[in-house]
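The first residue in the sequence is number 1, and the count goes up from there.
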Amino acid sequence: MKKNLRAIGLMSGTSADGIDAALIETDGTTIQHLGPSCFIPYSKALKKTILSFYGKRPGLHVKALSISLTENHAEAVFTLLDKAQITHESIDVIGFHGQTLFHIPPRGKNEWGETFQIGEGELLASLTKIPVIEQFRINDVAHGGQGAPLVPLYHQALVRDLTKPLLVVNIGGVANVTWVGEGENNLVAFDTGPGNALIDDWVYENKHLPWDEEGQIAAKGKVNESLLYKWLLHPFFAQRPPKSLDRMTFRDCLNDVKTLSFEDGVATLTCFTAVALRKGFDHLPFVPFLCLVGGGAHNSTLLKMIETRCGIRLKKTSELGWDGDALEAQAFGFLAVRSLKNLPISLPGTTGVPYPLIGGKLCYPYSQV
């Protein structure tokens, strides 16, 4: 196998707003080149269907949704190839995360969790004529791991030439952090709490808006400190890492904010993401001087709340020339190459597996089988 491979990474997060696709060239350890990226939004009907299946165990009832979702991912691949002005023959592999519908991590030793991502790897490979790596989380969970987060090894590769230790904050539907120290395996990573999912759900249920753009609604509201105190009593925050979350873990918070005005509800849910992140800092070796934020960087109100509540200064990854919106998609292209080369994609310090663990399932186009 050649040293450097060109991969397309695909990511559809728990916000279910659409698909991020990104081009990356890597040997699975270092990054040679980051190419263009694109975002393909889901239709309102598809997003509504995805949201309606959250929290439900797998079954035949999701097959049609899985096929439709895969066809959308194929369109994202074609869009990215057009944008890059290249053909499928120049791509070595696609990293296909799929759509997480169900995730229950283990809560203690000698426990195993469950995780379920829909998506048809064989179908995507055949539609695009490119080999696909899918089901990145299954092997991790089968070995007692949390199944998440998986992006820390990519974060480590990105910050290879920066002074360490440092912290990478990623705020998707669920928020997570990666603490990167000196040395190859000196990583600590875990989910910290809700990210944008609760905020997105609240603004959609009340105003049919997809999100609070740039935090403009939250900026008009008043934070309810009593609710924050109540929510922080959740046992998740006392649990030591490694730990991960399902999108639905804090769903009951939406019932609590019904007692508030719309704007105050958005402000309080936004601040919950910030104070949950602060609780997560208690589990770090120490909080480093440099804290980079990728996903979630467009919500200026959230960033201000994080800096105020956590007592830190955030630096946007865009200030380093990175595309914060494409980081997770790039990560799954990176992990796909690692999977092809039988390199670990999760570590004891990131998901709690007993030793560095490979993962992912390789799917070839039908014509190549």
Would you tell me whether [X] and [Y] have side-chain atoms, one donor and one acceptor, within less than 3.5 Å of each other?
X: D191; Y: S244; result: no
X: H88; Y: T128; result: no
X: Q146; Y: T351; result: no
X: Y366; Y: E122; result: no
X: R137; Y: H97; result: yes
X: D325; Y: H298; result: yes
X: S12; Y: Y42; result: yes
X: D323; Y: S37; result: yes
X: D256; Y: W231; result: yes
X: T30; Y: D27; result: yes

Q: Determine, step by step, whether R247 and D200 satisfy the salt bridge (Lys or Arg N to Asp or Glu O under 4.0 Å) criterion, reporting the C-alpha distance in whole Å, the side-chain angles of both residues, the deciding distance to 0.1 Å, and the verdict.
A: CA-CA 12 Å; R247 186 189 195 279; D200 292 348; 5.5 Å; no
Q: Begin from the C-alpha positions of F237 and D282 and carry the test side chain to side chain contact (heavy atoms under 4.5 Å, CB included) through to its verdict.
A: CA-CA 10 Å; F237 297 111; D282 294 340; over 6 Å; no
Q.
I want to know whether F96 and H73 have ring centres closer than 6.0 Å.
A. yes
Q. Do the two ring centres, one from H234 and one from F250, sit under 6.0 Å apart?
A. yes
Q. Given E307 and R278, is the salt bridge (Lys or Arg N to Asp or Glu O under 4.0 Å) satisfied, shown in steps?
A. CA-CA 10 Å; E307 291 186 327; R278 171 62 187 86; over 6 Å; no
So that I can tick it off, tell me whether [Y] and [X] are bridged by a salt bridge, with the cut-off set at under 4.0 angstrom between side-chain N and carboxylate O.
X: E225; Y: R309; result: yes
X: E89; Y: K129; result: no
X: E213; Y: K207; result: no
X: E134; Y: K361; result: yes

Rounded to the nearest 0.5 Å, what's the gap from [atom1] on [X] to [atom2] on [Y]? Could you check?
X: R338; Y: L343; atom1: CZ; atom2: CG; value: 4.5 Å
X: N224; Y: K230; atom1: CG; atom2: NZ; value: 10.5 Å
X: L327; Y: H155; atom1: CG; atom2: NE2; value: 5.5 Å
X: F332; Y: I24; atom1: CZ; atom2: CD1; value: 12.5 Å

Got more than 12 heavy atoms from elsewhere within 6.0 Å of [atom1], [X]?
X: Y229; atom1: OH; answer: no
X: K341; atom1: NZ; answer: yes
X: F289; atom1: CZ; answer: no

(Q) Could you walk me through whether E214 and S300 satisfy the side chain to side chain donor-acceptor pair (under 3.5 Å) test, starting with their C-alpha distance in whole Å, then the side-chain angles of each, then the deciding distance to 0.1 Å, before giving a yes or no? (A) CA-CA 6 Å; E214 297 182 0; S300 57; 5.7 Å; no
Check whether any side-chain heavy atom of [X] lies under 4.5 Å from a side-chain heavy atom of [Y], and answer yes or no.
X: E328; Y: L150; value: no
X: V275; Y: L277; value: no
X: L302; Y: I171; value: yes
X: L10; Y: L124; value: yes

Q. Using links of under 4.5 Å between side-chain heavy atoms of ILVMFWY residues, direct or through other members, which residues join I138 in one cluster?
A. none
Q | Apart from L127 itself, residues in the same hydrophobic cluster as defined by side-chain heavy atoms under 4.5 Å | A | I67, L123
**Q.** Verdict with reasoning, I130 to D92, per side chain to side chain contact (heavy atoms under 4.5 Å, CB included)
**A.** CA-CA 7 Å; I130 303 169; D92 295 292; over 6 Å; no
